[in-house]
Amino acid sequence: MGRAEAGTPKYLANKMKAKGLQKLRWYCQMCEKQCRDENGFKCHTMSESHQRQLLLFADSPGKFLHNFSKEFSDGYLELLRRRFGTKRTNANKIYQEYIAHKEHIHMNATRWLTLSDYVKWLGRTGQVVADETEKGWFVSYIDRSPEAMERQAKAERKEKMEKDDEERMTDFIEKQIKKAKSKDDDDDSGQEKYTELVREEDEPLKLDIRLEKKFQPESILGKSALSAKRPSSEVDEKVFKKPKSMSSEKGGSHSKSALDEIIQQEEAKKERANRKDYWLHKNIVVKFISKSMGDKFFKQKAVVQELIDKYQAKIKFLDTGEKLKVDQAHLETVIPAMGKTVLVVNGAYRGAEAVLKKLDERKFSVSIEILHGPLKGRIVDNVQYEDISKLYDA
């Protein structure tokens, strides 16, 4: 029986049947022919054209298998990059969209037996970030295009410049502190030093005040009425106490207040420069506070193993060892015991390692001591809970 002529009802019926997707087991990848039923597939395998294709495949099976696998992988990754970008997506959902195109390369023609094997291979070769959950495998595309690499390099250069600026500003503050201290020492050495009046309980008070006798109005005019009414002891005490008050006014309070003001200004600049809306760092301990994954992981502690971007990270739960890709909105920082090492994740000292010294539960803040760098040994007070997190000890 010959083929139906074009335009006949039989021809249109055959076209309508062949329009949609057919069963995968009745598809011949070598001939790129889809059969509608088992009988049609059997007739095709017995045809001369199919036998010729099998002879070609027998000559170099590795070459054909490699080409089919490469074409399938390229199409799958292209769809993932164009359709979903770097978002975390179910691998099976991407596969369903890929096979919706009729002329796609089928999985049974590649070197991978199942989709799970293919996803694992993508993860091992570093083309995607793959993680397995109760809902199946999820993948995230790793963008290594020249534009993405250039953006990442610019961000790294900018971060390095900010760190260099911080170091220069720290050196400037240290020089200002040394200059102010040396100025205070010079002022103290050039001025008269006043000592505190110390008197025993029973010993009478004696003052040795030597005044030049140039003019004595009392010998001519007599004592004034005011001095006659006021006891001499009050006059002597006021004369003695006056230099003491002057010495307290001339102390180093002015220079110290100026130094404190400089330090506060620099702290404010660092706070504005390092205060970000993202705080995830590698190798810190966090707590999972979302119920989206059920009660199994709720309020469980985990360690951040890898940063995917500024707001997402790959974590590993400490109790179960399971891995998960999460957003920072589902996590919170962990405050360790006293004396343990923490990492400043946000604020003026972002990225610095420190030791927890004091905990203030009323203000929800802590005091820390910087461990490394030019600010080593500095005590920082009133650091908020969300600005520090425990460092993971392997």
Side-chain angles (χ1 to χ4, degrees), residues 24 29 62 64-101 103-156 278-284 286 288 290 292-294 296-297 302-318 320-331 392:
L24 183 59
Q29 185 65 62
F64 283 96
L65 196 62
H66 173 75
N67 291 338
F68 289 146
S69 300
K70 187 177 184 304
E71 191 173 349
F72 173 81
S73 182
D74 292 345
Y76 188 91
L77 289 176
E78 177 63 20
L79 177 62
L80 173 60
R81 183 190 66 81
R82 186 183 68 252
R83 175 76 169 79
F84 301 98
T86 57
K87 295 180 181 179
R88 181 171 176 267
T89 315
N90 192 305
N92 190 50
K93 179 180 179 181
I94 305 170
Y95 180 71
Q96 294 299 325
E97 291 196 16
Y98 174 74
I99 65 175
H101 301 280
E103 302 300 329
H104 70 276
I105 301 297
H106 292 72
M107 177 71 77
N108 61 356
T110 65
R111 65 185 212 179
W112 303 289
L113 298 178
T114 61
L115 181 62
S116 299
D117 295 338
Y118 173 63
V119 172
K120 291 178 183 178
W121 177 81
L122 288 178
R124 286 195 302 269
T125 55
Q127 301 182 63
V128 300
V129 177
D131 59 296
E132 186 179 12
T133 64
E134 297 176 354
K135 297 181 180 179
W137 283 93
F138 284 80
V139 294
S140 300
Y141 181 69
I142 300 177
D143 193 358
R144 289 193 174 90
S145 61
E147 296 81 5
M149 300 297 288
E150 181 66 21
R151 287 195 302 269
Q152 185 177 0
K154 287 182 178 179
E156 291 177 355
Y278 53 90
W279 54 268
L280 287 175
H281 286 71
K282 191 176 179 181
N283 208 32
I284 62 172
V286 293
F288 190 77
S290 175
S292 59
M293 304 296 294
K296 179 181 179 182
F297 300 120
V303 59
V304 177
Q305 288 191 323
E306 182 183 352
L307 296 180
I308 299 172
D309 54 31
K310 295 180 179 179
Y311 304 94
Q312 291 181 326
K314 187 176 181 181
I315 64 172
K316 179 181 179 182
F317 289 96
L318 298 179
T320 61
E322 297 185 59
K323 298 180 180 180
L324 191 65
K325 176 185 172 185
V326 297
D327 190 271
Q328 70 173 12
H330 299 157
L331 303 173
Y392 177 68

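We use all heavy atoms of the structure for the numbers below, so side chains are in, but hydrogens, waters and symmetry mates are not.
In this structure, Gln305 CD and Ile284 CD1 are separated by 13.0 Å, a value rounded to the nearest 0.5 Å. Rounding to the nearest 0.5 Å places OH of Tyr392 at 6.5 Å from NZ of Lys316. Taking OH of Tyr278 as the start and CD of Gln328 as the end, the distance is 10.0 Å to the nearest 0.5 Å. Taking OG of Ser290 as the reference point, atom CG of Asp327 lies at 10.0 Å (rounded to 0.5 Å). The structure places NE2 of His330 at 10.0 Å from CG of Leu324, a figure rounded to the nearest 0.5 Å. Note that the CD1 atom of Ile142 and the OG1 atom of Thr86 stand 10.5 Å from one another [nearest 0.5 Å].
Listed by first and then second residue, the salt bridge (Lys or Arg N to Asp or Glu O under 4.0 Å) pairs that reach into residues 65-76 are Lys70-Asp74, sequence neighbours excluded. Applying the salt bridge (Lys or Arg N to Asp or Glu O under 4.0 Å) test to residues at least two apart or on different chains, the pairs with a partner in residues 83-93 are Arg83-Glu97, Arg88-Asp131. Annotation: salt bridge (Lys or Arg N to Asp or Glu O under 4.0 Å) contacts involving residues 305-314, sequence neighbours excluded, are absent.
Here the closest non-hydrogen pair linking Leu79 and Tyr98 is CD2-N, 3.6 Å. Between Asn92 and Leu115, the shortest heavy-atom contact is CA-CD2, 3.8 Å. Listed here is the closest heavy atom pair of Phe288 and Ile315: CD1-CD1, 4.5 Å. Closest non-hydrogen pair, Gly123 versus Ala130, comes out as CA-CB, 4.5 Å.
Remark: Tyr118 pairs with Phe72, Tyr76, Trp112 by the ring-ring contact (aromatic ring centres under 6.0 Å, His included) rule, at least two apart or across chains. Shown here are the side chain to side chain donor-acceptor pair (under 3.5 Å) partners of Tyr141, two or more places apart in sequence or in another chain: there are none.
By the 4.5 Å heavy-atom criterion applied to side chains, Val119 and Tyr95 are not counted as neighbours. Inter-residue side-chain proximity for Leu77 and Val128 is flagged as met; some heavy-atom pair is nearer than 4.5 Å. Taking the side chain as every heavy atom from C-beta outward, Val326 and Val286 never approach each other to under 4.5 Å.
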Distance-only donor-acceptor hits, side chain of residues 132-139, under 3.5 Å, sequence neighbours excluded:
{"unit_1": "Thr133", "atom_1": "OG1", "unit_2": "Lys135", "atom_2": "N", "d": "3.3"}
{"unit_1": "Thr133", "atom_1": "OG1", "unit_2": "Gly136", "atom_2": "O", "d": "3.1"}

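Listed for the Ser73 side chain is no donor-acceptor partner under 3.5 Å among the backbone atoms of Ser69.
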